[in-house]
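What follows is one structure encoded as structure tokens, with my remarks underneath.
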Amino acid sequence: MSGAMEITGDGVNMSDPEKTQNPRVTCERIGDQVTHEMLEVLAPNGEREYILDKINNMTEEEALAIVQESVKFHADDWNFPSDMRERMKRLLEGPKAYGDFYDRDLRIDATMMRYSSPYPGVRSVADPVDDADVPIETIRAYFLGIGWAVIGTFMSTFFNSRFPSISLNGSVIQILLFPCAKFLEAVLPDWGVTVMGVRHSLNPGRWSFKEQMFATITYNIAIYTTNSYSMILVQRSPVFYGQTFVTFGYQLMLTLFVQLMGMGFAGYLRRFSVYPVKALWPTILPTIAMNRALTRPEPKENIYGWTVSRYRFFYICTICMFFYYWLPGYLFTALSTFNWMTWIAPENVTLAILTGSSLGLGLFNPITTFDWNVATSSYAALAQPFFSTCTMYFGGLLGGLIILGIYYSGMYNTAYLPINSSSAFANDGTVFQVQKVVVNNKLDQTLYQEYSPPFYSAGYILTVGANFAFYPVYFLYIMANQWTTVSTAYVDFYKGLRYGKGNYEGAMDVHSRLMSRYKEVPDWWFLLILLGSIIVSMVFLNIYPLDTPVWLVFLMIGINLVFAVPLSFLSATTGTNLGLGALIQVITGYMLPNNPNAFLFSQTLGSWALAGYGDNYVQDQKMAHYCKIAPRAVFRSQIGTIIITCFVAVGTQDFIFNNVKGLCTPKQPSRFTCANDGAPLYASSLMWGLLGSNRMFGSLYPLFKWCFLIGVVIALVFLVGQGLGPKYLPGVREHLRSRLRPRTFAILDRTLFPFVASLLWLNPILIIQGVQHWAPSNMSYKTPGMILSFIFMYWLPRHRLAWWEKYNYVLSAALTAGVAISALIMFFAIGYNPISLKWWGNTVSSAGVDGSSVGIWPMPARGYFGPEKGSFP
């Protein structure tokens, strides 16, 4: 901060001698040194008097203690601002070593740590003060939250089998909630009853921010109700297994215990992913920002010439995107798949492989789309931290090079196939048809030997291999780097059960201290729900002919107890969203081969109910944490909405099965082809559940089994290197300087040393994530997100932080909402009964080989590649 140091990188120099004088002043005058521009950064939501009061009334001893504790606590925090960390270390060296404005800077940093937030994104949406008297669980909030949850569940379930699917996500629902709430506010009378000293009125007054957030959280449960539908669809549909025992009762029982098991598991995960201050959940910040824009009046202020309020800014951007999206969405679809480089030579296979957006890898194309939905499909570009996006992007580039190596070497016969596809192929290059090798839902060895084993593209091989390498990397790396945070959470979880220790005891951050005034949800409530759902699942397995052992339930719980904690913490700190599907499918394929029902059950329970649903519920609880909504209120709303929406989801499923003709067939008129839910799960169940892991890892793709060991090696290399590097690297560098010729050392100083130094801060988990996100994705979906992330998550926070804090998350939510509303109306207007618009702008993207499936090797004369028929593994 002294000298050229800026407060947080927005261009406000805290030591500007023209703005502040007399750096060593009394405590009472510290606040006089804090300029208006600095306050816009420190207090973006109007809490300036509160912040100044904390700065003015903090002693030097108190500030030093806070800064010292914070430097130690956030030493392993990936999201902690690096400039703030270095500044705080210099502050601990004392006023002489630090320089001017030591008193002011020390108190500002201490105030941010103790009474606000060091993270600019959290500061921009979460108030450091709370009014506990604001009504939350109002009748109208429940009515709107549950009412829209019912509608959202119907929409999500009904269109889940359509490709592309349509749903009312949280961004859209907030827009719909708010005008409904204002209508109820205007028309409902102030009638109410008093229960236990608390009056519950139909209209308690102005619709508040907390009511809006409570209704939004209540609605969010609807988004998670449909995941068990994929298992039901694959089992019940005659296109797949056609199992007649899948009745309404079966569906309801499965959906209920899967949902409730996820809710029960959330009680376990919240210790690790809600209460720790490091658990940011950056992807939820746009939701909070949008609700703030809708419900809270703002003081007029001029930020770099911008005076528009968040509310008006949101609606302007939403309306603009609503109209704009008709261009890439329908009128000029080449703007969405902007593979313009392939237009130069449409039949050039090499050009399509390198630069194409469909067949190819999307390399070397700096402008791949003008579609916001495509641009943000790989990264949450305006919410995810830039270091996370950047690392994953370069991991993606590394993955592209590996794919090229696999493909052009012809490894595993990949050169006969498209380079980057998620489909399984037969040995004649056509899509693998599992019906040709299955009799009565069992693998027929004779038919299998006459047909073909499954073959995968180079992109899919990399994706699967990276998935397997990911698990040891993330588990070892997070447990080693974040052991203090994770182990403390484990201890607190035990003490909470054994001694009733509160979730917020000893909390450093202001949000946890403010939440401590509300009654907590005891851990045993969640455990009771988890225990009840386990009992129901055991009954379920015994009364229905799934041929699945009960011990599989406990195996899935055990896997999640070990892996879900670091996975949830990773999601909370990086904004990524991952599951345990790949790991569970391998384990089930080994332990219960030739059993598709066991595979489907393990996937539904292990990767969706626990790590998936539990993580989503925890995310909603973190939103409540930031917005100071009582935990028991969130618990009641989630439990109630789960039960209601489960009935809605199952009823909708029955309606689809009975009324949608041609469901899950390729030419279904309304595009209910199940391409995004039933078909992939069915294929996976046959590959891993029917063929089994032994066959896949044995002779077909032996490389896969080594990927787990590769992951262990990668984790150990980074852990050892990052642990010992800072200690020994400077000495090694100086030793080489004295031993090598100056010219040789200069070359190493420009090349090798910077590369080695970069390894000291790279996160291998994010690198592997970037490598694994291929097939069918490619760099065409990643490059625009990287560009947006650089602008909105790197440049703007460093040069226009006040603007970024006020508008960034609102912009993200507004553009996403505009796309969702436009796509919904577009479907009912021109998609339900398709109205085609054929012209050059809608056909050029798929006119060349980039829109087809081709390989670079010609098919052998015998008509198929790979092993001889009759000798398949």
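Below, all heavy atoms of this structure are taken into account, side chains as well, without hydrogens, waters or symmetry copies. Because the structure is a prediction, the values reported are computed rather than measured.
Contact record, Ser537 with Phe257: CB-CE1, 3.5 Å, taken as the closest heavy-atom pair. Closest non-hydrogen pair, Thr350 versus Asn348, comes out as N-OD1, 3.1 Å. Considering every non-hydrogen atom in both Met392 and Leu766, the closest pair reads CG-O, 3.2 Å. In plain terms, the two heavy atoms of Cys674 and Phe240 that are nearest each other are CB-CZ, 4.4 Å. A pairwise comparison of heavy atoms in Ser602 and Phe599 identifies OG-O, 2.8 Å as the closest pair. Across all non-hydrogen atoms, the minimal contact from Pro764 to Ile714 is CB-CG2, 4.2 Å.
In this structure, the side chains of Phe470 and Val771 stay at 4.5 Å or more apart for every pair of heavy atoms. With a 4.5 Å cut-off on side-chain heavy atoms, Leu663 and Leu233 count as touching. Residues Tyr229 and Gln251 are not in side-chain contact: their nearest non-hydrogen atoms beyond the backbone lie 4.5 Å or more apart. Using a 4.5 Å cut-off on side-chain heavy atoms (C-beta onward), Asp850 and Trp343 make no contact. Put simply, the side chain of Trp706 reaches to within 4.5 Å of the side chain of Leu709, judged on heavy atoms. Residues Trp688 and Ser693 meet the side-chain proximity criterion, which asks for heavy atoms closer than 4.5 Å. Residues Phe265 and Met261 fail the side-chain proximity criterion, which asks for heavy atoms closer than 4.5 Å. Proximity of Asn427 to Phe872: side-chain heavy atoms (C-beta onward) are separated by under 4.5 Å at one or more points.
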Given the rule in the side chain to side chain contact (heavy atoms under 4.5 Å, CB included) test, do Leu361 and Met779 qualify, once you have shown the distances and angles that lead to the verdict? CA-CA 6 Å; Leu361 304 182; Met779 298 308 296; 5.6 Å; no
Kindly indicate, with the supporting measurements, whether the criterion side chain to side chain contact (heavy atoms under 4.5 Å, CB included) is fulfilled by Tyr460 and Phe425. CA-CA 11 Å; Tyr460 190 76; Phe425 294 89; over 6 Å; no
Residue pair Leu541, Phe601: steps toward the side chain to side chain contact (heavy atoms under 4.5 Å, CB included) verdict: CA-CA 10 Å; Leu541 291 177; Phe601 184 80; 3.9 Å; yes
Please evaluate residues Tyr474 and Ile768 with respect to the criterion side chain to side chain contact (heavy atoms under 4.5 Å, CB included), reporting the C-alpha separation (whole Å), side-chain torsions for both, the decisive distance (0.1 Å), and the verdict. CA-CA 9 Å; Tyr474 97 83; Ile768 296 294; over 6 Å; no
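A donor-acceptor contact under 3.5 angstrom links the side chains of Ser780 and Ser357, judged on distance only. A donor-acceptor contact closer than 3.5 angstrom is absent between the side chains of Asn365 and Thr355.
Atoms CD1 and CG, on Ile557 and Leu605 in that order, are 6.5 Å from each other to the nearest 0.5 Å. Rounding to the nearest 0.5 Å gives a distance of 12.0 Å between OH of Tyr416 and OH of Tyr864. Distance OG/Ser421 to CG/Leu359: 9.5 Å, rounded to 0.5 Å. The CG atom of Asn659 sits 9.5 Å away from the CD1 atom of Ile656 when rounded to the nearest 0.5 Å. The line from OG1 of Thr783 to OH of Tyr393 is 3.0 Å long, rounded to the nearest 0.5 Å. Between the CH2 atom in Trp774 and the CD1 atom in Ile419 there is a gap of 8.0 Å [rounded to 0.5 Å].
Between the side chain of Thr414 and the backbone N or O of Met411, at least one donor-acceptor pair lies under 3.5 Å. Within the 3.5 Å criterion, the main-chain N or O of Leu700 finds no donor-acceptor partner in the side chain of Arg695. A distance-only check finds no donor-acceptor pair linking the side chain of Gln449 to the backbone of Lys869 [under 3.5 Å]. With Thr333 contributing its side chain and Ser336 its backbone, the two residues share no donor-acceptor pair below 3.5 Å. Between the side chain of Asp371 and the backbone N or O of Thr337, no donor-acceptor pair lies under 3.5 Å. The backbone N or O of Asp547 sits less than 3.5 Å from a side-chain atom of Asn595, completing a donor-acceptor pair. A donor-acceptor pair under 3.5 Å is absent between the side-chain atoms of Asn694 and the main chain of Tyr590, judged by distance alone. Judged purely by atom type and a 3.5 angstrom limit, Ser685 has no side-chain atom pairing as donor or acceptor with the backbone of Pro596. Within the 3.5 Å criterion, the main-chain N or O of Gln585 finds no donor-acceptor partner in the side chain of Thr588. Looking only at distances, no side-chain donor or acceptor of Asp428 sits under 3.5 Å from a matching main-chain atom of Gly863.
Separation of the Phe475 and Phe563 ring centroids falls under the 6.0 Å cut-off. Tyr544 and Phe540 have their aromatic ring centers within a separation under 6.0 angstrom. In this structure, the ring of Phe455 has its center no less than 6.0 angstrom from the ring center of Phe432. Tyr412 has its ring centre no less than 6.0 Å from the ring centre of Phe704. A distance below 6.0 Å separates the ring centres of Tyr701 and Tyr456.
No more than 12 heavy-atom neighbours from other residues, nucleotides or ligands sit within 6.0 angstrom of CZ on Phe394.
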